Amino acid sequence: MKRKKFLQTLLLLCFLALLIGYANNNESQASINKISVQPEELNTKIILEATASIVVTETFYSQDHPATIVICIDQVLTEEQPQIDLGESLLVEDIKVEKTGTNTCRLLIGLKEKVPYRIYSNQSYSVVELNRIQRTFNGYVVSADTEEKLKQTPKVRRVFKEVGILDAADRLDVTAWLDGKAISQVFALESPLRLVVDFFDTLYPDPTFSYPVNKLGIDKVRTGQFQRENPYTISRLVFDLTEPRFYILDYMENKLVVSFSKTAVTRPVPVITPPTPEVKVPIKIEKPVEPVVVEEPPPQEIIRPRPRAVTAEGYKGELLSLRVKDADMRDVILYLGEFSGLNVVFDPDVRGTVSVDLKYVPWDQILDIVLKSNKMGKEIDGNVLRIATIGALTREAEEERRMIESRELAGALRTEIYELSYAKAADVETLLRPKISDRGEIIVDPRTNTLIITDVLDRFDLLERIISVVEIPTPQVSIEARIIEASSNFIRNFGIQWGFRGIVDPFYGNQTSLQFPNKIDVDGAMIPQGTSTRGIGGPLGGYAINLPAPAFSSVLGISTGNVLDTFRLDTAISALETSGEGKIISCPIITTQNNMKADIVQGRQIPVQTVANFTTSTRFQNAALELHATPQITAEGTIIMEIEIKNDAADFANLVNGIPPITTQYAKTTVRVPDGGTTVIGGIYRTEDSFTREKVPFLHKIPILGSLFKNFSRTKQNRELLIFITPRIIQ
């Protein structure tokens, strides 16, 4: 009986333990009740209302559906589907919850386009914040949430002190240090795609910097001052992205950490925050100086980028900040040597002190600054850095030079003969003369284009290298110019002539019934044709309205009268229309060597006579097509040309004292053209359009009938000149 009661008690305890464990397990699991979408000015938030903080194990963009975010969730009840409210979002198209296990599910968020995003949680809800890519900024946009924070927070000017970058193989942590908590807002911009973090009422005292990343979807990281008092002072941290990605933000009292990783979420924790990277603080040396102890570096290198624009030319060392006061120069140089991995050797008379305050300066530039301030110099041999006085180094250099000269004076002489094929021996001798030693001699034989050089053995390597550079065949260039002249003209003339004559007389029986006037004689043809050479003649001997076309090729004349010939009307219409087109193509071609001027002329010379002091002299003026060109072949294979083109022609239609004037077309320029390419080096387009009318005052304004009292002439001329150049390298 006792054993039976013991077994019953044990079974009861086990059952109670299972019930308690099941209840505790259900309490530790979260249940997602509702998912809603909340659009904002800069971002769109997807809010997950749950009974507890959800645990995100992984998140990424789907490969099958590129614009779909996949969020894997653990320790969640999946028996019931949550209520989903998409609202009026222009970014989110669909949200689904798929069960993947007993206590796991995944959230699928379908977007219209891929955007950067992050996830953060508290005990009652979790948020997926989508950074909508801004494309139509009309000025700077401040979100309503940020404006409310700025209104409620006392205005205090903060300083963006420093940026640290922890650059690991599969992770990037960027830390922005400030001297206090600042209000910030995060958004995305396009062209290029950027994730931007703005710090309000914050001053960035240093020049802007740019640090190349080229991994994890990040091109580079930049910082700088974006805006000053307009109306906010804003410093900016920018990530230039090659693709939208998941990122993590960790806000702290005086810093903000932005993290990107190869695996989107590295640990299942309710609140997603990045680890705090270690910071390598620039060394500060105070007097008295203690021996410098360099700590072991962390597994990943921490990089302090700085503005490239202020990097001194010629210095390539790693950037370093150094602040010391009256420190021993040797201790500072030992620190720099340890920082750069160099062994340091000091001459016995090296001493001095250093007081500097430098931020983000290459270490080799810091070394030169320290040495110059103490009038010291350096020598680097392999990985050994030697520090000595400038006087000692100068004496050593002078002694070494004298030693080399002594060896040359004591060495054996050598004579070599160089027969040149392409370069002129006299020109090469001018190049070699400064390079020979005091014992050297160069003899030029212009007949055979030969150099005879005698010098010490050590000089021949340099002399032969110079000769090999200049003793090469000079390439040739063929230059083709095309000068195209096109012209067109159009003339349209129209004119009218008319006159009349009327007689009222008893002789013809058509007198008036009045005493006065009883006879009338109206003559509208009082301009006799004999005194007016314009137009054509008529039966009446002339026209009262004599407005023929200025030039005409067609005339229509009409003469009408009554039976008694007491009234007559004569009319003549003259007209002309001509049009024409012309084209002249000139194509001079010339070939010359590289860097040698070439000239080609084709045309005629016009003799011009002048009389002075009873002496007649004749000179000839070119009226020809001329091409003058000097080509220069560049290392890239292009051709730079100095071009001068003249296209002069004699105008025999307008002789002056029997001598035709010269019409000139001229262009002079320097251009760079690819081998075989064509460029337009000049063009002239001229249009003349004239319209002339002759009118009878006042009468030409009569509607419709006014055309009987005017003529017109329309002339249009177009002239076009284009000059093309095509160079080709002849191999």
Side-chain angles (χ1 to χ4, degrees), residues 487-582 651-658 660-661 686-719:
S487 62
S488 64
N489 62 77
F490 173 80
I491 299 175
R492 175 178 291 169
N493 297 336
F494 184 84
I496 187 167
Q497 296 170 276
W498 61 275
F500 63 92
R501 185 176 183 183
I503 300 175
V504 177
D505 193 280
F507 178 80
Y508 295 102
N510 63 345
Q511 70 275 12
T512 67
S513 58
L514 303 174
Q515 290 293 328
F516 180 84
N518 183 259
K519 296 191 300 181
I520 299 174
D521 190 352
V522 179
D523 195 341
M526 295 306 294
I527 303 178
Q529 188 65 32
T531 60
S532 176
T533 60
R534 289 165 44 105
I536 64 172
L540 298 177
Y543 296 100
I545 305 300
N546 191 33
L547 298 174
F552 55 87
S553 59
S554 301
V555 177
L556 174 63
I558 301 175
S559 180
T560 59
N562 60 6
V563 174
L564 297 176
D565 198 24
T566 58
F567 181 80
R568 177 175 292 276
L569 176 66
D570 292 342
T571 304
I573 298 173
S574 54
L576 169 69
E577 182 171 319
T578 62
S579 63
E581 294 182 354
D651 185 5
F652 291 99
N654 299 290
L655 298 176
V656 178
N657 296 326
R686 180 180 178 183
T687 299
E688 297 180 12
D689 191 351
S690 63
F691 190 83
T692 305
R693 284 185 181 275
E694 290 183 281
K695 309 171 185 177
V696 176
F698 306 114
L699 298 180
H700 76 277
K701 297 182 179 179
I702 300 175
I704 301 177
L705 297 179
S707 298
L708 298 174
F709 300 94
K710 57 187 176 183
N711 69 358
F712 73 85
S713 174
R714 179 71 178 269
T715 303
K716 293 181 69 175
Q717 288 186 338
N718 296 328
R719 297 182 63 86

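No hydrogens, no waters, no symmetry mates; every other heavy atom, side chains included, goes into these values. Everything numeric here is computed off the predicted structure, so don't read it as measured data.
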Parallel, tilted or perpendicular: which describes the rings of W498 and F709, with under 30° parallel and over 60° perpendicular?
->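 Rings of W498 and F709: perpendicular, as their planes differ by over 60°.
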
Looking only at heavy atoms, which two atoms of K710 and H700 are closest? And how far apart?
->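 Heavy atoms of K710 and H700 come nearest at NZ-O, 4.0 Å.
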
Crowded around [X] [atom1]? As in, over 12 foreign heavy atoms under 6.0 Å?
{"X": "E581", "atom1": "CD", "result": "no"}
{"X": "F691", "atom1": "CZ", "result": "yes"}
{"X": "F698", "atom1": "CZ", "result": "no"}

Test: R714 and D689 ion pair at under 4.0 Å =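 A salt bridge is present here (some side-chain N lies under 4.0 Å from a carboxylate O).
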
Say whether, by atom type as modelled, one donor and one acceptor occur between the side chain of [X] and the main chain of [Y] under 3.5 angstrom.
{"X": "D521", "Y": "I503", "value": "no"}
{"X": "N493", "Y": "A551", "value": "yes"}
{"X": "T715", "Y": "I491", "value": "no"}
{"X": "S574", "Y": "V555", "value": "no"}

Evaluate the criterion side-chain contact (heavy atoms from CB on, under 4.5 Å) for residue pair R568 and S559; output intermediate values, then yes/no.
-> CA-CA 7 Å; R568 177 175 292 276; S559 180; 3.0 Å; yes

Evaluate the criterion side-chain contact (heavy atoms from CB on, under 4.5 Å) for residue pair E577 and F494; output intermediate values, then yes/no.
-> CA-CA 9 Å; E577 182 171 319; F494 184 84; over 6 Å; no

Measuring from Q497:CD to I536:CD1, what's the distance to the nearest 0.5 Å?
->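 Here the rounded value is 5.5 Å.
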
Pairwise distance CD1(I496) to CD1(I545) - rounded to 0.5 angstrom |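 Answer for the CD1-CD1 pair, I496 versus I545, is 9.0 Å.
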
Check: N518/Q511 side-chain N/O donor and acceptor closer than 3.5 Å |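 Note: N518 and Q511 side chains miss the donor-acceptor criterion.
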
Among side-chain atoms of E694 and N711, is any donor-acceptor pair under 3.5 angstrom?
->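 Result is yes, a qualifying pair exists.
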
Any side-chain heavy atom of F712 sitting closer than 4.5 Å to one from R492?
->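 The answer is yes, as the side chains (C-beta and beyond) meet within the 4.5 Å cut-off.
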
Could you check L708 against T571 for side-chain contact (heavy atoms from CB on, under 4.5 Å), going step by step and ending with a plain yes or no?
-> CA-CA 10 Å; L708 298 174; T571 304; over 6 Å; no

Evaluate the side-chain contact (heavy atoms from CB on, under 4.5 Å) criterion for residues V522 and I520: first the C-alpha distance (whole Å), next the side-chain angles of each, then the deciding distance (0.1 Å), finally the verdict.
-> CA-CA 7 Å; V522 179; I520 299 174; 3.8 Å; yes

